[in-house]
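Structure, as structure tokens:
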Amino acid sequence: MELTLGGLLGAVAGAILGGVNYAMLIGYLDGWPKSVEGTEAERADFESNVSAMRRAILGCEVVICAAIGYWLGTGYLSPAIGAGLEG
């Protein structure tokens, strides 16, 4: 694993996109229990698990998007930056 400027920029961009995607998904997730029919106990049980689900979703979103951003940045952005500096 090599650390390059392109990889770093890609990872940062991926983490930002992961955070934005998290915010959109959590907005949907917060409105979902109110629209679903069920007993009050079922809704309370679901809402008690929402906190753990939020942390898991945030962690997965940011880590996966940052990893994909790093991979794309290393593969595509690093050669473009390096080619511009050599010539």
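- Distance check: Ile81 CD1 to Leu9 CG gives 5.5 Å after rounding to the nearest 0.5 Å.
- Pairing each heavy atom of Tyr22 with each of Arg54, the nearest pair is CE1-O, 3.4 Å.
- Under the 4.5 Å side-chain contact rule for hydrophobic residues, Ile68 and Tyr76 share a cluster.
- Hydrophobic cluster membership differs between Tyr70 and Val63, with clusters built from Ile, Leu, Val, Met, Phe, Trp and Tyr side chains linked at under 4.5 angstrom.
- Trp71 and Leu77 fall into different hydrophobic clusters, where Ile, Leu, Val, Met, Phe, Trp and Tyr residues are linked whenever their side-chain heavy atoms come under 4.5 Å apart, directly or through other members.
- Across Gly14 and Cys65, no two heavy atoms sit closer than the pair O-CB, 3.0 Å.
- When all heavy atoms of Gly19 and Val62 are compared, the pair lying nearest together is N-CG2, 4.3 Å.
- Note that the CG atom of Asn21 and the CD1 atom of Ile26 stand 10.0 Å from one another [nearest 0.5 Å].
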